[in-house]
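Heads up: the structure comes next, in structure tokens.
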Amino acid sequence: MSGRFPDKFLWGTATAAHQVEGGNTASDLWLMEMAPDSPFAEPSGDACDQYHRYRDDIALLAGLGFKAYRFSIEWARIEPEEGFFSKAALDHYRRIAAACLEANVMPIVTFHHFTNPLWLTKDGGWENAKSIDRFARFCERAGAALADLIAIACTINEANIPMLVTLQREAQAGRPYARPRAFGALAQRCGGTVERFAPYLHCDGRLASPNLIAAHRKSYDVLKGLGGDFPVGVTLALQEFKATPGGEAVRDMAYQLINGQFLEACKGDDFVGVQTYTTIEFGPEGVLPPKGETTQMGYAFAPEALEATIRDAAEVARAPILVTENGIGTQDDARRVEFTRRALEGVLRCLADGIDVRGYVHWSLLDNFEWLEGYRPKFGLVEVDRATQARRPKPSAYWLGRIAKANALS
Ligand code: BGC
């Protein structure tokens with residue numbers, strides 16, 4: 001299938017601060033990654049050293065043909081102690097956004113992408129209702145410092161993922177959420193207690209979700225009130241949920257908790273950030289193992305999932321759609337091209353049906369730190385040599401860059 005995308009359709013690539021910058025020492029994950037009993041496969045360490053190499057990375061993506069760069073600003077660097085806002089850190093992110101604009105690339109700025117400042121995690125993280133005002137205050141300070149440079153703002157990356165991982169872990173363990181026992185030692189290392197030690201991807205999603213929704217709503221208003229005219233939205237981890245006969249009720253329950261309540265909370269936003277990687281199938285007993293080809297993450301190879309999640313998000317949230325992440329963890333770059341081509345065909349079908357899809361941002365620009373999995377999964381269009389930090393675009397980078405330049409899939 002071939003076709004043109006609308007004029008002004010945005011083509012971009014994405015990264016997140018902790019996954020590429022390196023040396024994020026005031027974050028909760030730094031402590032967790034460096035602990036002797038760490039749940040992480042390896043520490044993020046220097047990551048891709050983008051803290052120093054951002055100019056080269058922006059030049060690289062612009063040269064490939066992309067017109068947008070989605071990156072996150074790191075709360076732990078900007079507010080390393082509660083109430084202290086680092087002007088130096090804010091200036092750093094101003095330089096990144098300015099470098100984008102100089103390269104004719106739109107800066108899509110995400111205000112929270114998984115990592116918390118350690119002080120927040122130690123004090124209940126997002127389980128604590130104080131997170132609503134704490135995050136809004138951060139958005140006010142950081143947003144004010146960057147407002148004249150932001151093209152698009154995303155408040156929280158995958159605000160629904162604590163709920164998703166909580167349900168996954170509950171299903172695996174066969175019991176309700178419990179704080180991992182190993183967190184006792186982690187909490188102790190930073191002078192906290194296990195009850196309150198709540199990192200984003202390991203907190204109780206049932207407690208955190210109402211706070212995340214409220215924090216998004218409040219920070220949306222804060223960012224809109226700064227006087228800039230940039231669109232603001234939240235991004236959501238939206239996998240396509242399917243059911244085999246008899247699995248419909250379980251699927252629908254999971255859908256409402258993980259996707260539905262969040263999409264409903266986005267009504268009236270400037271856009272919804274759709275982030276899709278796979279399809280999840282439910283049987284009467286819960287999630288079924290993936291059938292057929294799987295990715296490095298163990299997900300079903302399901303490029304058509306994006307079309308399904310775009311359609312659903314547009315229908316429920318009644319807002320324009322921006323694909324803020326879509327991609328595949330694979331060593332086989334030809335599979336990345338196949339995955340992305342089929343995903344884009346789905347985008348074209350959505351557009352043909354009149355759905356307002358504003359752009360496609362691929363995850364990721366670089367092979368980077370894939371959270372608990374460390375550096376093993378390869379999501380990048382660009383390979384990064386871990387010893388030298390040299391960047392080498394893969395064939396998929398040139399291929400997607402050509403599509404971006406042509407604004408058409410041929
Ligand atoms: C996250 C990224 C992550 C990607 C691939 C998304 O859930 O926003 O940070 O690297 O998926 O797993």
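Ligands are counted one by one from 1 in listed order, and the atoms in each one are counted from 1 as well.
- The single protein non-hydrogen atom nearest to atom 6 (C) of ligand 1 is Glu325 OE1, 3.0 Å, given as residue, atom name and distance.
- Residue contact check: Phe379 has heavy atoms under 4.0 Å from atoms 5 (C), 12 (O) of ligand 1.
- Because its NZ or CZ atom is both nearer than 6.0 Å to the ring centre of Phe301 and within 45° of the ring axis, Arg335 counts as a cation-pi partner of that residue.
- Polar contact with ligand 1: present for Glu158 (N/O pair, distance under 3.5 Å).
- Nearest-residue assignment for atom 9 (O) of ligand 1 (options His113, Gln239, Gln275; heavy-atom criterion): His113.
- Residue Asn157 approaches ligand 1 through these ligand atoms, each under 4.0 Å from one of its heavy atoms: 8 (O).
- Geometrically, Arg141 engages Phe85 in a cation-pi contact defined by less than 6.0 Å to the ring centre and at most 45° from the axis.
- In this structure, Lys394 pairs ionically with Asp367, as a charged nitrogen and a carboxylate oxygen lie closer than 4.0 Å.
- Both tests hold for Arg217 against Tyr220: distance to the six-membered ring centre under 6.0 Å, angle to the ring axis within 45°.
- For atom 12 (O) of ligand 1, the closest heavy atom belonging to the protein is Glu370 OE2, 2.6 Å.
- Centroid-to-centroid, the aromatic rings of Trp11 and Phe5 come within less than 6.0 Å.
- In terms of protein heavy atoms, atom 4 (C) of ligand 1 is closest to Tyr277 OH, 3.4 Å.
- Partner Trp399 forms a side-chain contact (heavy atoms from CB on, under 4.5 Å) with one of Leu64, Thr340, Asp333 and no other, that one being Thr340.
- Lys122 and Asp28 are not joined by a salt bridge, as no carboxylate oxygen comes within less than 4.0 angstrom of a charged side-chain nitrogen.
- Neither the backbone nor the side chain of Thr235 comes within contact range of ligand 1; no heavy atom lies under 4.0 Å.
- Per-residue contacts place Gln19 under 4.0 angstrom from the following atoms of ligand 1 (heavy atoms of the residue considered): 2 (C), 3 (C), 9 (O), 10 (O).
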